[in-house]
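Only one structure is covered here, and it is reproduced in the block below.
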Amino acid sequence: MRKIISFSGKGGVGKSTLLVLMLKYLLEKYKKINILIIDADPDANIADLIGKEIHFKETIGGKMAEFKHKIQKRQIPLDVSKDQIVESEVFDALIEMDAFDLLEMGRGEGEGCYCSINNYLKRIIDVLAKNYEIVLIDAPAGLEFFSRKTGRNVTDLVIVSDPSKMGIHTMTRILEVSEEVDLRFENIWILGNRFPDNLHDILEKDVASIKKNYVKLLGFISNSEEISKMNLIGENLLQLPKDSEAYQTAKELYAKIV
Ligand SMILES: Nc1ncnc2c1ncn2[C@@H]1O[C@H](COP(=O)(O)OP(=O)(O)O)[C@@H](O)[C@H]1O
Ligand SMILES: [Mg+2]
């Protein structure tokens, strides 16, 4: 099994939350498995959700800032290529947790810097992914991530939408862009988050109208008081009670992917 699964969608729809639930599911299902989490969303971090504090210096953004500083001070040996250095910085930024590894992309310093980090993302996936059985990516909401063909070897794209016009609009844009730049995912899964039961049919109809055999409706996860509570009290989301309804549903849905 070798899967690279990327979660995307509008900001705030639940990408990071649902990624952590997938991580919980994988850790439970496969006791010994190499998992890498790449947190590529500069606006929030996965580390927060799982109760881990990470400093800017430990992120790819932080390492790159340091690297730039070294170049300016001419502390970089001339016989080493920039790619080699980026590679070693990436390995340096890997955070080893008990049961999985985590890479925080972090923010670039100042305007425009994040794009350059984004440029590295494809290379980072190429360099690192082969060492893991499963890679989960929390993708930035911005579509530049896709237009740079970062997703070329992503096997499964999970597009999350909440019951909002903008959530669904972003989902549609992501589908259009992935088509335009000719990204080939094995599967694109549409996941409705926080949808009340009586509104399922709206998203179901939208997905049915797409008519691409690789775009499938994964299902729905309802609004969960337990998730709100874990978030409010700042509890590690991996500790969400196993019997919580949202987790039970998530498990059933994720079994279709892995
Ligand atoms: N199914 C759910 N039930 C209750 N709260 C949720 C659910 N999904 C997400 N949330 C909450 O919504 C907010 C945004 O979720 P988050 O995962 O950070 O979104 P994103 O990563 O897409 O920006 C968080 O406060 C999270 O706790
Ligand atoms: Mg997020």
Side-chain angles (χ1 to χ4, degrees), residues 5-25 36-54 59-61 95 102-107 114 117-118 121 135-146 150 154 156-175 188-200 203 217-254:
I5 305 166
S6 183
F7 284 72
S8 73
K10 194 180 85 70
V13 292
K15 297 180 291 292
S16 307
T17 302
L18 298 182
L19 182 149
V20 172
L21 294 193
M22 180 174 270
L23 173 62
K24 182 178 169 71
Y25 159 76
L36 170 67
I37 311 292
I38 300 179
D39 184 0
D41 190 340
D43 284 330
N45 54 65
I46 293 286
D48 262 353
L49 292 185
I50 56 173
K52 167 107 185 144
E53 202 184 322
I54 287 178
T59 68
I60 294 283
I95 298 159
L102 173 65
L103 192 75
E104 283 285 346
M105 298 296 286
R107 280 177 176 283
Y114 191 71
I117 296 179
N118 245 348
L121 198 52
V135 181
L136 302 182
I137 305 171
D138 190 346
L143 297 166
E144 65 279 6
F145 172 70
F146 297 98
T150 317
V154 171
D156 295 78
L157 177 67
V158 180
I159 308 179
V160 182
S161 180
D162 61 359
S164 75
K165 196 173 171 183
M166 278 315 289
I168 292 181
H169 177 74
T170 305
M171 169 192 94
T172 313
R173 274 302 292 152
I174 292 171
L175 287 168
I188 297 182
W189 305 95
I190 309 296
L191 178 50
N193 189 26
R194 308 180 95 162
F195 266 74
D197 291 350
N198 58 340
L199 297 184
H200 287 188
L203 189 64
L217 180 68
L218 186 60
F220 296 90
I221 292 177
S222 47
N223 193 63
S224 153
E225 196 181 313
E226 280 133 321
I227 293 180
S228 299
K229 187 174 167 201
M230 302 295 276
N231 188 272
L232 273 171
I233 60 177
E235 186 91 352
N236 178 352
L237 190 57
L238 287 172
Q239 309 292 334
L240 183 72
K242 281 185 188 173
D243 59 4
S244 92
E245 198 192 309
Y247 181 58
Q248 290 294 326
T249 315
K251 268 186 0 184
E252 274 168 37
L253 300 184
Y254 292 158

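Quick note: numbers below take in every heavy atom, side chains included, and nothing from hydrogens, waters or symmetry partners. Position 1 is the first residue of the sequence, and the numbers go up from there. For ligands, and for the atoms within them, numbers begin at 1 and follow the listed sequence.
At least one side-chain heavy atom of Leu18 sits less than 4.5 Å from a side-chain heavy atom of Asn193. Residues Arg194 and Ile221 form no side-chain contact, since every pair of their non-hydrogen atoms from C-beta on lies 4.5 Å or further apart.
Cation-pi geometry between Lys24 and Tyr247 is met: the NZ or CZ atom falls under 6.0 Å from the ring centre, inside 45° of the normal.
Atom CD of Glu245 sits in a sparse spot, with 12 or fewer heavy atoms from other residues, nucleotides or ligands closer than 6.0 Å.
Under the side-chain hydrogen bond (donor to acceptor under 3.5 Å, both in side chains) criterion, Asp156 pairs with Lys3, Asn187, Trp189, not counting sequence neighbours.
The Mg ion (ligand 2) has no N, O or S atom of Asn45 inside 2.8 Å of it.
A side chain to side chain contact (heavy atoms under 4.5 Å, CB included) with Ile37 is found for exactly one of Ile50, Val135, Leu102, namely Leu102.
Within 4.0 Å of ligand 1, contacts by protein heavy atoms are made from Lys10, Gly11, Gly12, Val13, Gly14, Lys15, Ser16, Thr17, Asn193, Arg194, Ser222, Asn223, Ser224, Ile227, Ser228, Asn231.
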